[in-house]
Each structure stands twice: as C-alpha cells, then as structure tokens.
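Reading through the structure tokens given below for one structure.
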Amino acid sequence: MAPQSGQRLNRTAVWALVLSGLGITFVIGLVLGYRARAQIRRTREAGLPFANVAIWLGWAYLGVLVFGLLVYGWILFVA
C-alpha cells in the first residue's frame, strides 16, 4: 500500500523489515518491528505492513532457531 499524500513512511518499520530479513539480526528487527508498530499507531504514519512483516519474520527465525537447537540437542544427547 503506497502512502497517501502527505503521509510519511516510518523509517523504523523499514529498518525492522531489513534487519529481520537478514536473518542474523532478526532479534533487533523483531524489537524494532514492535516499536515501529506502536509509533505508526500513535503518529498515523505509513508503514504498518512493513512492521507486521518484520514481526512475522522475526518470530519465524526465532522458531527455526529454537527448533534447530532442539534437534541438535536431541541428536547430541539422545541418539
């Protein structure tokens, strides 16, 4: 969704999406995504989809990391 005339794009949301998308910095992207979403709701700026995708990506990377650690632990100690 393109910003309407006079509506600014929230830069924190864009940085959150970039950092979540990189993978290695997903924790920073996740925190910035929540912060950007709060800012957008307070200031009525554009960029809510960017913040939401950054949050989803951050949680997805965290889930993959936890799953990977569980599998690694299972292989290391059980198998």
Side-chain angles (χ1 to χ4, degrees):
M1 173 185 253
Q4 297 172 357
S5 62
Q7 199 176 27
R8 290 184 46 206
L9 182 62
N10 187 295
R11 290 184 180 184
T12 308
V14 174
W15 276 110
L17 181 60
V18 169
L19 292 173
S20 285
L22 287 176
I24 191 110
T25 55
F26 74 91
V27 175
I28 300 169
L30 187 60
V31 171
L32 286 179
Y34 279 112
R35 184 176 291 177
R37 193 163 66 174
Q39 286 176 357
I40 290 167
R41 288 183 176 156
R42 187 177 63 246
T43 62
R44 306 269 188 215
E45 290 177 315
L48 187 60
F50 295 134
N52 287 334
V53 170
I55 291 168
W56 276 99
L57 274 176
W59 281 111
Y61 275 116
L62 184 63
V64 168
L65 177 68
V66 168
F67 179 73
L69 288 174
L70 288 173
V71 169
Y72 177 73
W74 180 78
I75 290 172
L76 193 62
F77 295 114
V78 176

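The hydrophobic cluster containing Leu48, built from Ile/Leu/Val/Met/Phe/Trp/Tyr side-chain heavy atoms closer than 4.5 Å, also comprises Ile40.
Checked against side chain to side chain contact (heavy atoms under 4.5 Å, CB included), Val71 has the following partners two or more places apart in sequence or in another chain: Phe67, Ile75. With sequence neighbours excluded, the residues that form a side chain to side chain contact (heavy atoms under 4.5 Å, CB included) with Gln39 are Asn10, Thr12, Arg35, Arg42. By the side chain to side chain contact (heavy atoms under 4.5 Å, CB included) test, Leu30 is found to be paired with Tyr34, Ile55, Trp59, residues two or more places apart in sequence or in another chain being considered. Taking the side-chain hydrogen bond (donor to acceptor under 3.5 Å, both in side chains) definition, one finds that Trp56 meets it with nothing, sequence neighbours left out.
Between Ala13 and Ala51, the closest heavy-atom pair is CB-N, 4.0 Å. Shortest non-hydrogen contact noted between Gly58 and Phe26 is O-CD1, 3.5 Å. The nearest pair of heavy atoms linking Ser20 to Leu57 is CB-CB, 3.9 Å. When every heavy atom of Ala16 is checked against every heavy atom of Gly33, the shortest pair comes out as CB-N, 3.4 Å. Contact record, Arg8 with Glu45: O-CB, 3.4 Å, taken as the closest heavy-atom pair.
Other residues, nucleotides and ligands place no more than 12 heavy atoms under 6.0 Å from the CD1 atom of Ile24.
No single ILVMFWY cluster, assembled from side-chain heavy atoms under 4.5 Å apart, contains both Val31 and Ile28.
Using a 4.5 Å cut-off on side-chain heavy atoms (C-beta onward), Leu19 and Leu22 make contact. Looking at heavy atoms from C-beta onward, Leu62 lies out of side-chain contact with Val27 at the 4.5 angstrom threshold.
For the side chain to side chain donor-acceptor pair (under 3.5 Å) condition, no pair includes a residue of residues 64-79, sequence neighbours left out.
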